[in-house]
Q: 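Pasting in a structure now, in structure tokens, and then I'll have a few things to ask.
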Amino acid sequence: MPSLLPRAPTGDADAVPRQADTERLIHQHLKGVWRYLRMQGASPQEADDLAQEAFLIALQKRAAALDPAATAVFLRRTARFLFLRLRRDHSDAVQLADEVDALWDRDCGADDGDGLLQALRECVGKLDERARRAVDLSYGLSTFEPSRRVDVAAELGLQPNGVKTLMQRVRQQLRACVERRQR
């Protein structure tokens, strides 16, 4: 992974963290910061940009010198600030961010969401073929671009309202399955 910061000029070794330290920091925390931003509502591209900016700030503020848990908190708080700054025109953004923080702490804080994601993958794998295809199309899992409900309906031979009903049932099934696995 390329370095986020330029190398320090000769004679200024303390100005910029060593490249190995930067790469270790990124490797250790990028997944969690990126997932956190996506939970906040950032698009994949926004999450990429905001995560990069959060890491730059963390490196400038020497947050990498903290223990890993404190570094993770610093990165999430920085990412939250950057995301809220991006959404400053949305009046409910802070309240939503607070609720996402509570969910993150409850469900993802221990492992950056790996357990939750694994449970979801297993639960999606248990769906029947049509429901699995509806999830794939609706959320763009294979194309990275979600399809419109009309397109999903055409693909599955349903009416658009049928897709809506199917997806409501599928989300309920997935929620129940994931909750059972988390106990």
Q: Identify the heavy atoms of C108 and M39 that sit nearest to each other, and give their distance.
A: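 In this case the closest contact between C108 and M39 is SG-SD, 4.1 Å.
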Q: Once you round to the nearest 0.5 Å, how far does CD of E53 lie from CG of L82?
A: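 Between atom CD of E53 and atom CG of L82 there are 4.5 Å.
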Q: Only one of H27, H29, E23 forms a side-chain contact (heavy atoms from CB on, under 4.5 Å) with L25, so which one is it?
A: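 Among the candidates, only H29 passes.
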Q: Do you know the tightest heavy-atom contact between D107 and D111?
A: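 Answer, listing the atom of D107 first, then D111: O-OD1, 4.5 Å.
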Q: Please report the interatomic distance CZ(R175) to CZ(R171), rounded to the nearest 0.5 Å.
A: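 Answer for the CZ-CZ pair, R175 versus R171, is 8.0 Å.
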Q: Distance from D92 atom CG to E99 atom CD, nearest 0.5 Å?
A: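 Spacing of CG (D92) from CD (E99) equals 9.0 Å.
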Q: Taking all heavy atoms of P44 and all of R38, pick out the closest pair and write down the distance.
A: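 P44 and R38 have their closest heavy atoms at CD-NH1, 3.3 Å.
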Q: Testing the basics here: between F74 and A58, what is the closest heavy-atom pair and its distance to 0.1 Å?
A: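 Closest pair (atom of F74, atom of A58, distance): CE2-CA, 3.5 Å.
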Q: Under a 4.0 Å threshold between the charged nitrogen and the carboxylate oxygen, would D114 count as salt-bridged to R35?
A: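 A salt bridge is present here (some side-chain N lies under 4.0 Å from a carboxylate O).
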Q: Grouping I, L, V, M, F, W and Y whenever their side-chain heavy atoms are under 4.5 Å apart, do L117 and Y139 come out in a common cluster?
A: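 Not linked; separate clusters.
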Q: What about L116 and V100, same hydrophobic cluster or not, with Ile/Leu/Val/Met/Phe/Trp/Tyr joined at side-chain heavy-atom distances under 4.5 Å?
A: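 The answer is no; the residues belong to distinct hydrophobic clusters.
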Q: Could you report the tightest heavy-atom contact between F83 and L37, atom names first, then the distance?
A: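 Taking F83 first and L37 second, the nearest heavy atoms are CB-CD2, 4.0 Å.
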Q: Between atom CG of D49 and atom OG of S43, what is the distance when rounded to the nearest 0.5 Å?
A: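 One finds 8.0 Å between CG of D49 and OG of S43.
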Q: Between V33 and A51, which heavy-atom pair has the shortest distance, and what is it?
A: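 Answer, listing the atom of V33 first, then A51: CG1-CB, 4.0 Å.
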Q: Side-chain heavy atoms under 4.5 angstrom apart, residues restricted to Ile, Leu, Val, Met, Phe, Trp, Tyr: same cluster for L75 and L86?
A: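 They do share one cluster, since a chain of ILVMFWY contacts under 4.5 Å joins L75 to L86.
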Q: Go through the steps for F55 and L30 under the test side-chain contact (heavy atoms from CB on, under 4.5 Å), then give the verdict.
A: CA-CA 8 Å; F55 277 98; L30 179 60; 3.7 Å; yes
Q: For residues 149-169, dump all side-chain donor-acceptor pairs below 3.5 Å to protein atoms at least two apart in sequence or in another chain.
A:
unit_1 : atom_1 : unit_2 : atom_2 : d
E155   : OE2    : R133   : NH2    : 3.1
T165   : OG1    : N161   : O      : 3.1

Q: For the hydrophobic clusters of this structure (ILVMFWY residues joined by side-chain heavy atoms under 4.5 Å, transitively), does one cluster hold both F81 and L59?
A: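 Hydrophobic grouping puts F81 with L59.
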Q: Could you tabulate the donor-acceptor pairs under 3.5 Å formed by side-chain atoms of residues 120-132, not counting sequence neighbours?
A:
unit_1 : atom_1 : unit_2 : atom_2 : d
E122   : OE1    : R181   : NH1    : 2.9
E122   : OE2    : Q118   : NE2    : 2.9
D128   : OD1    : R130   : N      : 3.1
D128   : OD1    : A131   : N      : 2.9
E129   : OE1    : R132   : NH2    : 3.1
R132   : NH1    : G125   : O      : 2.8
R132   : NH1    : L127   : O      : 2.8

Q: Quick one: which residue pairs count as a side-chain hydrogen bond (donor to acceptor under 3.5 Å, both in side chains) with a foot in residues 65-84, not counting sequence neighbours?
A: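 Qualifying pairs, neighbours excluded: R77-D101, R80-D98, R80-D101.
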Q: Which distance, rounded to the nearest 0.5 Å, do you find between the CG of D112 and the CH2 of W34?
A: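 Going from CG on D112 over to CH2 on W34, the span is 13.0 Å.
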